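The structure appears right after this line, and notes come after that.
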Amino acid sequence: MPTPIGRDDVRRLIDEEHAQVVEVLARPEYEWAHLADAIHVPLKSHFRDIVRDRLDPNRPVIVYCNDYQ
Amino acid sequence: MSPRVAWRLESYGFQRVYDYVPGKADWLAFNLPRQGWARLAGDVLTRDLPTASAHDHLGDVRTTLRDSNIGLVVVLNHQGIVMGTLPAKAADQSADTAIEAIMDEGPTTIRPSEEVGPLVERMGNADIDGVLVTSSDGKLLGLFERNRGEDALTPARKPPRNGHLGHNR
């Protein structure tokens with residue numbers, strides 16, 4: 001089960017464990033602003049291909065969207 | 001949406017998957033490092049504002065108050081949370097006056113994630129020159145000044161390709 005985390009854990013995972021950060025919103029929202037160095041992986045067609053090409057399964061992954069919704 | 005993606009990554013064999021539940025809105029509200037073309041209030045802050053403790057008396061801050069270049073002192077509690085503001089005109093009151101008794105409570109604040117364009121327009125319509133900026137938990141980050149916001153909008157509007165905005169990690 002994915003682990004829910006807050007802001008402080010995000011920073012710690014990035015700084016100490018080289019976590020990959022993934023934004024799942026649409027591209028315009030991603031381009032407007034995204035967490036520094038976040039990768040854009042929208043939940044749409046070819047999702048598995050995008051994941052295979054851009055993410056390392058051996059590193060922690062942090063996923064986020066806009067807020068709680 | 002992020003929980004669905006997180007679960008799918010786990011189904012693909014990713015061992016350590018985390019869902020940052022409060023999301024981008026939370027990150028931006030704390031003025032944390034980001035990229036993108038957005039112009040946000042957190043990019044245009046005047047920092048190192050004159051401050052006082054809510055437990056101070058006027059005699060403790062009179063000099064700070066008179067020297068303030070923004071016409072006021074921001075009153076904070078021990079956690080750096082904004083409790084109020086003290087206008088420069090208060091400097092003439094007696095030294096043993098408790099700050100807490102005379103400060104203006106509940107000043108208007110905004111988050112650093114506010115977009116500069118609409119914010120500048122609203123401030124212009126209300127004839128407001130500056131507004132305090134705090135994180136979501138109420139901690140003082142700085143002051144957004146309308147004239148600096150207008151200057152920030154002046155360069156070419158083409159979005160930058162890269163570059164960190166906000167604090168460096």
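Letters A, B, ... mirror the listed sequences (proteins, then strands); counts begin at 1. Just so you know, these numbers come straight off a predicted model, no measurement behind them.
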Part of A:Arg48 within contact of chain B (heavy atom distance under 4.5 Å): both
Under 4.5 Å from any heavy atom of chain B - which part of A:Asp9: neither
Residues 17-24 of chain A: residues contacting chain B (heavy atom under 4.5 Å, by number): A:Glu17, A:Glu23, A:Val24
Between A:Leu55, A:Val41, A:Leu35, the one whose heavy-atom pairs under 4.5 Å with chain B are most numerous: A:Leu35
Those residues of residues 5-16 of chain B, ordered by number, that approach chain A below 4.5 Å (heavy atom to heavy atom): B:Val5, B:Ala6, B:Trp7, B:Arg8, B:Leu9, B:Glu10, B:Tyr12, B:Phe14, B:Gln15, B:Arg16
Would you mind writing out the side-chain donor-acceptor pairs for residues 58-66 of chain B within the sub-3.5 Å range, not counting sequence neighbours?
unit_1, atom_1, unit_2, atom_2, d
B:Asp60, OD2, B:His57, N, 2.8
B:Arg62, NH1, B:Ala91, O, 2.3
B:Arg62, NH1, B:Gln93, O, 3.0
B:Arg62, NH2, B:Gln93, O, 3.4

Lys/Arg N to Asp/Glu carboxylate O, A:Arg11 vs A:Asp8, below 4.0 Å: no
B:Phe30 six-ring face occupied by A:Arg7 cation (under 6.0 Å, within 45°): yes
For the pair [X] (side chain) and [Y] (backbone), establish whether a donor and an acceptor sit closer than 3.5 Å, ignoring hydrogens and angles.
X: B:Trp27; Y: B:Pro22; value: no
X: B:Arg146; Y: B:Arg122; value: no
X: B:Asp26; Y: B:Gly23; value: no
X: A:Tyr30; Y: A:Ala38; value: yes

Shortest non-hydrogen contact between B:Ser68 and B:Pro50, atoms and distance: OG-CG, 3.5 Å
B:Leu28 versus A:Ala33, closest heavy-atom pair with distance: CD1-CB, 4.4 Å
Distance-only side-chain donor-acceptor flag, B:Arg111 / B:Thr134, under 3.5 Å: yes
For B:Arg148, salt bridge (Lys or Arg N to Asp or Glu O under 4.0 Å) partners two or more places apart: none
